Amino acid sequence: MSHTPQSPARHLRRLLELLAAGAPAEELGTVAAEARRNGATAEDLAEVEQATEAALRVHSTLRQHRRREAELTALFDTAGDLAALRDLDAVLRSIVRRARMLLGTDTAYLTLPDEEAGDTFMRVTDGSVSELFQNLRLQLGEGLGGLVAQTARPYATPDYRTDDRFLHTGSIDAGVLDEGLVAILGVPLLLGSGSGGQVIGALFAADRTPRTFAPDEVALLCSLADHAAIAIDTAKAMADARIALAELAEANAVIGEHSAAIQRAEESHDRLTDLVLRGGDVADVADAVAGLLKGDVAVHDGSGRPLTAVGAHGGAASGDGGGAPGGGEDGGGAAEAADLVAAAKSSRAAARAVFRDGRWVCAMLAGQELLGCLVLYGRPDLDGPDQRLFERSSVVTSLLLLLRRSVAETENRVRGDLITDLLTAPDRDPAGLVARGRRLGFDLDRPHILLAARTGGEARDRLADAAVQYLFGGGGVSAEHEEAVVLLLPPGGAGPGEAARLAAGQLGQLVGSPVTVAGAGPAAGPRAIADAHTEGVRCLRALRVLGRAGQGASVAELGFLGVLLGDHHDVDGFVTTALGPLLEYDAQRGTQLVRTLRAYFDCGGSLTRAKEDLHVHVNTVVQRLDRVQALLGPGWNTPEQALELQLALRLHLLSGA
């Protein structure tokens with residue numbers, strides 16, 4: 001039976017109709033076969049086959065677009081669910097269901113960590129038939145989910161049971177086997193992006209037959225996982241918001257009950273702020289707080305020293321708002337200061353005022369730095385609004401202290417340059433130095449106690465700042481000079497030795513390391529201050545040689561050694577008179593008679609210990625001491641001459657020769 005050849009246009013129209021109807025690819029392939037059966041010429045058949053290939057490509061493209069459209073629709077629907085989020089479980093179930101539908105898998109599920117139990121559990125499943133699998137709990141780091149959580153990256157396995165990239169456990173493998181899963185794709189639920197992203201769970205799609213997941217399928221599941229992470233984070237934020245709203249409601253109730261007290265607190269705060277803006281000092285703030293809270297108020301610095309006080313507690317109020325360093329402090333005062341510092345640290349840790357030993361203490365802070373504390377006496381029944389007022393007062397006082405300290409540091413730097421110039425060349429222009437000091441508000445003609453402080457190691461870099469903090473509010477000035485820190489203090493009733501001891505203790509606390517302090521003066525005028533500095537430096541050296549590092553003293557307190565170090569004694573002449581023959585002999589012959597004599601005295605006259613200290617034979621020590629006797633005379637070892645020799649040896653060592 002013959003067929004009449006048909007025009008290729010008919011077959012091309014047929015291809016377009018099939019494309020328009022969304023026919024499967026198999027039907028598109030039948031058009032060329034039909035043309036062949038109808039006796040199409042070779043040329044027409046080739047044209048139909050080419051058109052069929054083009055139609056198949058269009059069909060594939062349309063299918064991809066439809067699939068992408070379905071994916072985008074699902075993502076938009078998910079975004080809509082999030083925008084109208086009411087029930088977290090419903091949103092997560094929707095996401096898992098869409099993941100299963102779009103990837104065409106047998107099942108999908110989502111896991112979240114259980115922070116209390118320290119493991120991971122199945123939060124939502126879709127398509128699961130195994131109760132064992134649905135109740136599965138995974139320890140952190142186990143299974144494919146553990147690998148996803150650890151690396152924060154998606155992982156896919158075509159056959160879970162044979163994949164050795166992750167840790168298999170009996171319980172997990174049993175659950176997967178009971179569910180019949182083979183191919184699994186897992187992606188992380190990430191909050192944030194990049195290396196700082198936090199994994200808060202994982203989303204999975206799984207098949208019960210082997211399957212290789214395409215990259216676009218992985219990308220789709222990652223997008224759904226991102227939505228799930230947003231849903232979880234949003235739900236948590238809403239829960240936090242509900243808690244915050246509940247707390248706010250409670251706070252509003254409290255505010256309603258105490259509206260009058262709150263209004264008073266606000267007015268009081270405005271009053272304190274206005275007081276500071278008008279140039280009020282710490283003493284003015286303390287006086288205002290005492291009046292507002294009907295109690296006695298004291299302000300102390302970071303080491304517990306009183307800066308000002310209003311009322312019977314804490315000592316007399318200071319007229320300038322600060323207590324000058326250098327004043328005496330007995331054991332009871334030191335214990336009181338230590339108790340206040342401990343209470344202030346407790347207040348800083350608690351971020352509120354604390355009640356200790358019948359008084360309220362509130363830390364004054366700059367960041368986490370403890371500037372000092374505000375202390376309230378006579379109000380053990382301090383209620384909520386008044387307590388908040390007290391705490392606000394500490395903030396205002398902190399700001400005031402911080403401002404004053406910044407000004408003091410700037411002034412101290414300028415005045416410190418003056419002190420450095422004075423110590424370097426006191427006789428160059430003494431009248432100019434005095435006039436310069438007066439322009440800076442510092443009277444060099446007024447008597448001052450001079451302290452020279454020194455420490456070692458890393459604490460050396462902190463000593464200058466500690467000196468500024470120590471002098472804060474006291475009217476003194478400090479400067480770095482010749483590897484030491486020099487402090488000039490107005491006399492406060494304490495002598496140079498007592499002032500040095502007090503400064504050594506408090507500077508040591510501020511820098512966290514022992515600080516040695518020498519005191520001199522009182523001295524007035526550039527030349528006298530420079531001489532006091534020279535005496536203080538000599539006293540520092542003496543304290544080091546005497547093994548008294550970390551202590552404070554003046555030259556007058558060092559006994560005969562201190563007398564020799566004073567300004568009116570020829571120390572070099574004394575050393576030359578006592579040790580001159582030995583020094584000359586050692587210099588000419590390169591011997592060690594001076595060192596041997598010092599070792600002999602240091603070892604209590606024991607030849608055996610001296611030879612061990614010198615690392616020589618005992619006969620060598622005897623021979624050297626015989627030479628000492630020949631040079632100094634037979635009475636060199638009598639008590640009087642031995643005392644002078646030992647003092648001379650100490651001074652010679654102190655000179656650094």
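Model, not experiment: these values are computed from the prediction. Index from 1, following the sequence. No hydrogens, no waters, no symmetry mates; every other heavy atom, side chains included, goes into these values.
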Is there a donor-acceptor pair closer than 3.5 Å between any side-chain N or O of [X] and the backbone N or O of [Y]?
X: S347; Y: A343; value: no
X: R359; Y: V375; value: no
X: T455; Y: P514; value: yes
X: S478; Y: V486; value: no

Is there a side-chain contact between [X] and [Y] (heavy atoms, below 4.5 Å)?
X: V395; Y: E391; result: no
X: L540; Y: R544; result: no
X: F390; Y: V297; result: no
X: R627; Y: T591; result: no
X: P430; Y: V434; result: no
X: D339; Y: R356; result: no
X: L632; Y: L645; result: yes
X: L293; Y: W360; result: no

Residues forming a salt bridge (charged side-chain N to carboxylate O under 4.0 Å, His left out) with D602, sequence neighbours excluded: none
Flag if over 12 foreign heavy atoms under 6.0 Å of CD, Q588: yes
Neighbour count >12 (heavy atoms, 6.0 Å) for atom CD, Q551: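 Enclosed: over 12 neighbouring heavy atoms sit under 6.0 Å from CD of Q551.
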R438: partners by side chain to side chain donor-acceptor pair (under 3.5 Å), with sequence neighbours left out: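 R438 satisfies side chain to side chain donor-acceptor pair (under 3.5 Å) with D445 only.
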Distance in Å, S606 OG paired with D613 CG, rounded so as to fall on 0.5 Å steps: 10.5 Å
